[in-house]
Amino acid sequence: MDMPEAVIQSGNERAPTMSVMDAIYKRRSVRSYQPQTVQRDVITALLSAAVQAPTALHGEPWAFAVIQDHGLLREISDSAKQSISPEMHQRLPDRIKAPDFNVFYNAGTLIIIYARQGEPFAMADCWLAAENLMLAACAMGLGSCVIGLALEALNTPQWKQKLGVAGDMTAHVPIILGVPEGETPSVLRKEPELMVWKQ
Ligand SMILES: Cc1cc2nc3c(=O)[nH]c(=O)nc-3n(C[C@H](O)[C@H](O)[C@H](O)COP(=O)(O)O)c2cc1C
């Protein structure tokens, strides 16, 4: 993705210029990252974009964790790999089964979207916030990828405690973030299956 470095580090949350449609079609799950760390002001801008998402009953149930400690990311990745069920393991591509595989693809930033348990539609709210965040990241020249494989580990009492997350919070969306390394090929979609259109 050829967004200039200046945009990535500007801290001006309105700086990127990409139409919503361009961001929707350009966003890809990025699994290869350059080593530089995403700056705090950029992450702040992305979180601000995330919370513009629609939210049921205006509940805004989300809360975020940002992890940029490489040792911690590796530890969470190791726990995530241990929590993969045999059924899931069978369905995973071979690269994910390699012993040194990092579920975060060595990205330097993980953003986890949590919500308090018991809030109606909290999961939907978190996913809408996640898509806002990923589209905004794309518009800023950053790559992202949802890492569902990490959810089970993140929701253990041990990891909540270690990260300082309250026990009544549920992790719904882990997203890695970084400057993409190389091009990410697009993954084609089926045509929308239109079942009914009554006029
Ligand atoms: C709920 C969910 C969980 C996902 N978990 C992972 C994951 O653990 N690891 C991964 O590499 N990609 C994960 N992905 C990314 C999907 O593989 C990806 O979105 C899909 O293949 C389509 O590719 P695209 O995002 O580039 O269009 C996840 C996506 C979603 C929506």
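Computation of the quantities below employed the complete heavy-atom set of this structure, encompassing side-chain atoms and omitting hydrogens, waters and symmetry-equivalent molecules. One-based numbering, in listed order, for ligands and for the atoms of each.
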I'd like a table of donor-acceptor pairs (distance under 3.5 Å, sequence neighbours excluded) in which one partner is a side-chain atom from residues 143-155, with atom names and distances.
from	atom 1	to	atom 2	distance (Å)
Asn155	OD1	Ala171	N	2.7
Asn155	ND2	Leu151	O	3.3
Asn155	ND2	Ala171	O	3.0

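Val30 is not listed as a side-chain neighbour of Tyr105, based on a closest heavy-atom distance of 4.5 Å or more. Counting only heavy atoms from C-beta outward, the side chains of Lys162 and Leu72 approach each other to under 4.5 Å.
Every protein residue with a heavy atom nearer than 4.0 Å to ligand 1 is included here: Arg27, Arg28, Ser29, Arg31, Tyr105, Trp127, Cys145, Val146, Ile147, Gly148, Leu149, Val187, Arg189.
Evaluation of the side chain to side chain donor-acceptor pair (under 3.5 Å) test over residues 117-141, restricted to residues two or more places apart or in two chains, returns Thr55-Asp125, Gln117-Thr170.
Linking ILVMFWY side-chain heavy atoms closer than 4.5 Å, directly or via other members, places Leu177 and Leu135 in two distinct hydrophobic clusters.
Taking the side-chain hydrogen bond (donor to acceptor under 3.5 Å, both in side chains) definition, one finds that Thr109 meets it with Gln68, sequence neighbours left out.
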